[in-house]
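Here's the structure, in structure tokens; my notes come after.
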Amino acid sequence: MFDRLTAWAPQVLSILRIMSALLFLEHGTVKLFNFPAGVMGQPPLMSLMGLQGLIEVVGGVLLAIGLFSRPVAFILSGNMAVAYFMAHAPQSFFPVANNGDAAILYCFVFFYIFFAGPGPWSVDAARRRH
């Protein structure tokens with residue numbers, strides 16, 4: 001039974017990459033475009049929050065389509081580690097108390113994608129086939 005599931009692992013890796021990237025992208029669009037929630041306002045582009053929004057939008061789009069997936073995933077993983085230790089860890093030791101659990105999860109999902117690659121449903125995979 002599990003052999004049948006294992007056969008789908010590459011496609012599920014692509015789904016994990018796409019969904020993680022789209023959720024991550026939303027963090028950037030709310031910072032840069034005040035969309036969808038409109039709860040943050042719009043920080044100046046050259047501020048720390050503005051640059052973070054730019055990283056989230058560009059990185060989210062590239063990772064969602066699977067272009068330059070490994071280097072983008074590595075950069076985003078490190079970015080989330082820095083974000084956690086700068087913004088969340090000083091508030092509390094416990095991620096559930098400092099609202100940093102998403103940053104930790106993104107960090108390790110992106111780190112996994114850096115090693116595992118983008119999966120078969122990606123621009124990177126299509127470029128390798130041609």
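Atoms considered below: every heavy atom in the structure, side chains included; atoms not considered: hydrogens, waters and symmetry mates. Just so it is clear, the model here is predicted, and its values are computed rather than measured.
- Hydrophobic clustering keeps Val123 apart from Phe74 (ILVMFWY residues linked when any side-chain heavy atoms are closer than 4.5 Å, directly or through intermediates).
- The backbone N or O of Trp121 sits less than 3.5 Å from a side-chain atom of Ser14, completing a donor-acceptor pair.
- Atoms CG and CD1, from Leu76 and Ile55 in turn, are 8.0 Å apart once rounded to the nearest 0.5 Å.
- Pairs passing the salt bridge (charged side-chain N to carboxylate O under 4.0 Å, His left out) check and including a residue from residues 48-63, sequence neighbours excluded, read Lys31-Glu56.
- Under the 4.5 Å side-chain heavy-atom criterion for Ile, Leu, Val, Met, Phe, Trp and Tyr, Val12 and Leu22 are members of distinct hydrophobic clusters.
- The shortest non-hydrogen separation linking Gln42 to Asn34 is CG-CB, 4.0 Å.
- Across all non-hydrogen atoms, the minimal contact from Leu32 to Gly50 is CD2-O, 3.6 Å.
- By the criterion of side-chain heavy atoms lying less than 4.5 angstrom apart, applied directly or through intervening Ile, Leu, Val, Met, Phe, Trp or Tyr residues, Leu25 is grouped together with Leu51 in one hydrophobic cluster.
- Contact detail for Pro120 and Pro10: the closest heavy-atom pair is CD-O, 3.0 Å.
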Please output the side-chain donor-acceptor pairs of residues 104-117 that fall under 3.5 Å, not counting sequence neighbours, one pair per line with the distance.
unit_1: Tyr106; atom_1: OH; unit_2: Phe24; atom_2: N; d: 3.4

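- Of all heavy-atom pairs between Gly119 and Leu13, the closest is N-CD2, 3.9 Å.
- The minimum heavy-atom distance between Ala103 and Tyr84, with the atom names listed, is CB-CB, 4.2 Å.
- Of the inter-residue distances, the one linking Ser122 atom OG with Leu63 atom CG reads 10.0 Å to the nearest 0.5 angstrom.
- The cluster map of Ile, Leu, Val, Met, Phe, Trp and Tyr, joined by side-chain heavy atoms under 4.5 Å apart, puts Ile18 and Ile75 in different clusters.
- Contacts classified as salt bridge (charged side-chain N to carboxylate O under 4.0 Å, His left out) and involving residues 58-87 (residues at least two apart or in different chains) are not found.
- Phe93 and Phe85 fall into different hydrophobic clusters, where Ile, Leu, Val, Met, Phe, Trp and Tyr residues are linked whenever their side-chain heavy atoms come under 4.5 Å apart, directly or through other members.
- Applying the salt bridge (charged side-chain N to carboxylate O under 4.0 Å, His left out) rule to pairs touching residues 74-98 yields nothing, sequence neighbours excluded.
- Taking every heavy atom of both residues into account, Ser47 and Pro43 meet most closely at OG-CB, 3.6 Å.
- Counting only residues at least two apart or on different chains, no salt bridge (charged side-chain N to carboxylate O under 4.0 Å, His left out) pair has a member in residues 10-26.
- A ring-ring contact (aromatic ring centres under 6.0 Å, His included) check over residues 45-67, counting only residues at least two apart or in different chains, returns nothing.
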